[in-house]
Amino acid sequence: MENQLIVYNSLTRKKEVFKPMVEGHVGMYVCGPTVYSDVHLGNCMTFVAFDVIYRYLKYLGYKVRYVRNITDVGHLEGDSDIGAEDKISKKARLERLEPMEVVQHYTNGFHKMMQTFNTLSPSIEPRATGHIIEQIDMVQQILDNGFAYEQNGSVYFDTLKFAKAHKNYGQLSGRVIDDLMVETRDDLKNQNEKRHPSDFAIWIKADPEHLMRWESPWSIGFPGWHLECSAMSTKYLGKTFDIHGGGNDLKFPHHENEIAQNVGCCNSAPANYWLHTNMLLMNGKKMSKSDGNSITPQQLFSGDSEHITKGYSPMVNRFFMLQSHYRSTLDLTDAALQAAEKGYRRLMEANKVLQAMQHPGNEASNDLDKEINTLIQEAHDKMNDDFNAPNALAKLFELVNKINGLHDKHLSFNDITTSTLDALKKCFHDFIFDIFGLLEENAGSNGNGTLDGLMQLIIDIRKDARDNKNWATSDKIRDTLKELDIQLKDGKEGTSWVKK
RNA sequence: GGUCGCGUGGCCGAGUGGCUAGGCAGUGGUCUGCAAAACCAUGUACAGCGGUUCGAAUCCGCUCGCGACCUCCA
């Protein structure tokens, strides 16, 4: 396989060779959360997927500017983009808080969860409310270019006019313009300020009781959803940049309208490559904030949910997500999580064994040596093929077999070279920690000297008991520790332990 | 109704024309005081029907089932 990076571009629906605009640099914008409620697991999956993409781009040596926004104004309740309440504003009113208190609370929670999942921070995390001026400028520019009109203090994007001037409105989401012009859903009628049903608000005049409001040339109001991403991506990445990402439920209308705004404002398409993650399912249905079919990460960690039998740690979840491709749906089930938990431990254990290995000398490059090097190469090839983490992971597991074989001595170090062993160590380290972003979370020895000392004492006592064939005592130690979620592992070179 | 996508062995999940994906579970074995852990071995899988082809899970058509989007969502 080739060494170049291939990505699937939602815009063309094809895999394409990735070529950044500026050699060695990548600009990537990913739509972040609207902070009006706790982040749910589906959101986390998307951000983990882009975290792996970000990490892999960096691993390849690109200098990446990763921008992920916080939407803290403009996102409206309900199906309409007029006559409805801003999500943040509503939450603030209901809980008698300042809107910014709501925003701060859920932003903090989001950050904490991203940290728990060990995602890297974006390079810039701009907020919609911090970019009102940029958004007003953009509205003005779109008006000046004739692709928007004002109506009673609100400003609407003129999709019909835009579609006539730019043939590709609807390209990303596969919409046909004529269909968009005909309103099909009964509950969306009577939006009489708009000229066409497909038009959307880019500036919204605030009702008197609306809490979030800013001065503008048209009214005291607030910016429409979609606009913040156009304005902030332009500000930090330029009129055109390399990668734009998000969940595929954002394709329409959000991303389609984002493109329209950027083109309508600056006459250039925002991103060369559009990457969309697929949805996390639970019980075969989309995990969704709005219809309640969702589980929070906290519930998943604690096991406090009717959908699961026990808790699963953040890294088990991350591993679970890595096992499916970012463009595929993933169905969350208890059995699948249990399988992921065991798989994760197997991988991490093998890595520990590997990193402790010393080549005894007597090196040679035999079939095993070639096999290992081929697998290492294949793992990279898989990542180069549209970030195929599950396939790369499969290659790693094939290498786990080799590692265990060497450890178990039915494969011989005499068949591999020291440089191959080193390459294998580097491969595992790079993939597990740098690319997949996994952490060692249940290490037996984790720098806790007291615990290590105590465990060593217990293991010694049990060894004495066993040497004296005092099975009652040795089994009591083993079984009691097991109840405390500490597993003893009797191996050829003595006993080790691991906390589950 | 429109647009798009999916259907892979007990479960999860890659694969897009010929070559064992992988994980988990199961089964047999090695190890063990017995276990656990670990290791080894082990699977007539590709929704159905038709077509193209020397060859189809993979391409085409139809049927059935499921899902997403169609101005709330990652």
Side-chain angles (χ1 to χ4, degrees), chain A residues 13 30-34 37 39-47 49-50 75-82 84 87 170 173-176 179-180 182-185 188 191 197-201 225-226 245-254 256-257 276-281 284-291 294 319-320 323-325 327-347 349-350 353 382 388-398 400-401 404-405 407-410 466 469 471 474-475 478-479 482 487-492 496 498:
Chain A
R13 295 157 201 262
V30 172
C31 287
T34 301
S37 68
V39 63
H40 76 74
L41 199 67
N43 299 81
C44 294
M45 184 174 86
T46 289
F47 299 128
F50 281 106
H75 208 153
L76 300 181
E77 272 301 319
D79 287 338
S80 166
D81 59 3
I82 53 166
K87 286 186 180 222
S173 55
R175 289 313 117 142
V176 180
D179 293 349
L180 289 172
V182 181
E183 189 51 68
T184 50
R185 283 175 54 168
L188 295 175
Q191 298 185 28
S198 56
D199 291 351
F200 56 92
W225 185 40
H226 320 309
N248 79 12
D249 52 354
L250 294 181
K251 263 189 198 167
F252 191 88
H254 184 60
E256 200 67 75
N257 290 345
H276 287 97
T277 56
N278 217 317
M279 297 293 103
L280 180 64
L281 310 182
K285 296 264 188 200
K286 177 182 173 183
M287 191 175 281
S288 165
K289 260 190 220 187
S290 51
D291 64 17
S294 73
F319 181 90
F320 174 62
Q323 278 187 303
S324 92
H325 189 259
R327 282 191 289 116
S328 300
T329 53
L330 175 61
D331 200 356
L332 182 97
T333 61
D334 193 60
L337 285 166
Q338 282 191 26
E341 182 170 63
K342 297 204 173 170
Y344 164 70
R345 292 207 173 125
R346 183 167 143 87
L347 181 69
E349 280 300 304
V353 167
K382 296 300 181 187
N388 198 326
N391 246 327
L393 196 56
K395 295 297 168 191
L396 254 47
F397 272 106
E398 291 188 51
V400 166
N401 267 328
N404 286 331
H407 183 61
D408 237 46
K409 302 195 170 38
H410 69 267
R466 294 181 75 201
K469 296 198 193 307
W471 308 130
S474 71
D475 289 356
R478 180 222 280 161
D479 297 341
K482 189 162 187 224
Q487 179 173 43
L488 293 180
K489 297 157 86 164
D490 295 326
K492 287 216 166 58
S496 61
V498 60

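Below, chain A is the first sequence line, B the second, and so on; all start at residue 1.
A:His325 has its NE2 atom 20 Å from the P atom of B:G23, to the nearest Å. In this entry the distance linking CG of A:Asp249 with C1' of B:A74 reads 5 Å, nearest Å. To the nearest angstrom, P of B:G10 lies 18 Å from CG of A:Asp331. B:C12 atom P lies 14 Å from atom CG of A:Leu280, rounded to whole Å. Atom CZ in A:Phe397 sits about 13 Å away from atom C1' in B:C12, given to the nearest Å. We find that CZ of A:Arg466 is positioned 15 Å from P of B:C31, with the value rounded to whole Å. Rounding to whole angstrom units, CZ of residue A:Phe320 and P of B:G22 are separated by 20 Å. One atom, CG of A:Leu488, and another, C1' of B:A37, lie 10 Å apart when rounded to the nearest Å.
The residue A:Ala394 sits close to a base: some heavy atom pair falls under 4.0 Å. Contact annotation for A:Asp475: base contact, defined as any heavy-atom pair under 4.0 Å involving a base atom. Nucleic acid contact for A:Ser288: base, since at least one base atom lies under 4.0 Å from a heavy atom of the residue. As judged by a 4.0 angstrom heavy-atom cut-off over every strand, A:His407 is placed among residues making no nucleic acid contact. Within the nucleic acid shown, A:Leu393 has no heavy atom closer than 4.0 Å to any nucleic acid atom. Among the heavy atoms of the strands lying under 4.0 Å from A:Lys285 are primed sugar atoms or P, OP1, OP2 only; no base atom is included. Note on A:Gln487: only backbone sugar-phosphate atoms sit closer than 4.0 angstrom, heavy atoms only; bases stay farther off. Contacts of A:Gly405 with the nucleic acid, taken as non-hydrogen atoms under 4.0 Å apart, are absent. Contact annotation for A:Ser328: backbone-only contact, meaning every heavy-atom pair under 4.0 Å involves sugar-phosphate atoms and none involves a base. A:Lys286 comes within 4.0 angstrom of a base, heavy atoms only.
The side chain of A:Arg478 lies closest to B:A35 when the candidates are B:A35, B:U20, B:C24. Closest to the side chain of A:Pro390, from the set B:A14, B:A74, B:C40, is B:A14. Nearest to the side-chain atoms of A:Met45 among the listed nucleotides B:A74, B:G33, B:G15 stands B:A74. Checking B:A36, B:G33, B:A37 against every side-chain atom of A:Asp490, the shortest atom distance belongs to B:A36. Among B:G15, B:C40, B:C11, the nucleotide with an atom closest to any side-chain atom of A:Asn388 is B:G15. Checking B:A38, B:A74, B:C24 against every side-chain atom of A:Asp408, the shortest atom distance belongs to B:A38.
Put simply, the side chain of A:Ser294 does not reach to within 4.5 Å of the side chain of A:Leu41, judged on heavy atoms. Using a 4.5 Å cut-off on side-chain heavy atoms (C-beta onward), A:Trp471 and A:Lys469 make contact. You'll find the side chain of A:Arg478 stays beyond 4.5 Å of the side chain of A:Arg466, heavy atoms only. Between A:Arg345 and A:Val498 there is no side-chain heavy-atom pair separated by less than 4.5 Å. Side-chain atoms of A:Leu337 and A:Glu341, non-hydrogen and from C-beta on, never get closer than 4.5 Å to each other.
When the C1' atom is compared between B:C54 and B:C62, the two are found 26 Å apart, to the nearest whole Å. Of the C1' atoms belonging to B:C46 and B:C11, the separation is 16 Å, rounded to the nearest Å. A distance of about 39 Å separates the C1' atoms of B:A41 and B:G5, rounded to the whole Å. Only the C1' atoms considered, B:A68 is 35 Å distant from B:G26, to the nearest whole Å. For the C1' atom pair drawn from B:U3 and B:G9, the interatomic distance equals 33 Å after rounding to whole Å. Rounded to the nearest Å, the gap between the P atom of B:G13 and that of B:G55 is 33 Å. Rounded to whole Å, the separation between the P atoms of B:G2 and B:C24 comes to 45 Å. Between B:A56 and B:G50, the distance separating the two P atoms is 13 Å to the nearest Å.
Heavy-atom distances to RNA chain B give each of A:Gly42 and A:Asn248 a nearest nucleotide, and the one nearer the 5′ end belongs to A:Asn248. Mapping A:Lys395 and A:Leu281 onto RNA chain B by nearest heavy atom places A:Lys395 at the nucleotide closer to the 5' end.
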Salt bridge (charged side-chain N to carboxylate O under 4.0 Å, His left out) between A:Lys395 and A:Glu398, worked out
CA-CA 5 Å; A:Lys395 295 297 168 191; A:Glu398 291 188 51; 3.7 Å; yes
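Of the inter-residue distances, the one linking A:Asn278 atom CG with A:Asp249 atom CG reads 9.5 Å to the nearest 0.5 angstrom.
With a cut-off of 3.5 Å on both pairing distances, B:U58 has no Watson-Crick or G-U wobble partner at all. Across all strands shown, B:G17 forms no Watson-Crick or G-U wobble pair with both distances under 3.5 Å. Checking B:G26 for Watson-Crick or G-U wobble geometry (two distances, each under 3.5 Å) identifies B:U42 as its partner. In this entry B:A37 has no Watson-Crick or G-U wobble partner, no candidate having both defining distances under 3.5 Å. Applying the Watson-Crick and G-U wobble criteria (two distances, each under 3.5 Å), B:C4 pairs with B:G67.
Phosphate proximity of B:A25 to A:Lys342: present, with a side-chain N or O under 4.0 Å from OP1 or OP2. Contact annotation: A:Asn43 reaches the phosphate of B:A74 (side-chain N/O to OP1 or OP2, under 4.0 Å). OP1 or OP2 of B:G23 lies within a sub-4.0 Å distance of a side-chain N or O belonging to A:Arg346.
With A:Thr277 as the partner, the side-chain contact (heavy atoms from CB on, under 4.5 Å) test is satisfied by one option alone out of A:Asn248, A:Val30, A:Thr46: A:Thr46.
By the criterion of a centre-to-centre distance under 5.5 Å and near-parallel planes under 30°, the ring of A:Trp471 forms a stack with the base of B:G33.
When all heavy atoms are compared, the tightest approach of A:Cys31 to A:Leu250 is CB-CD1, 3.7 Å.
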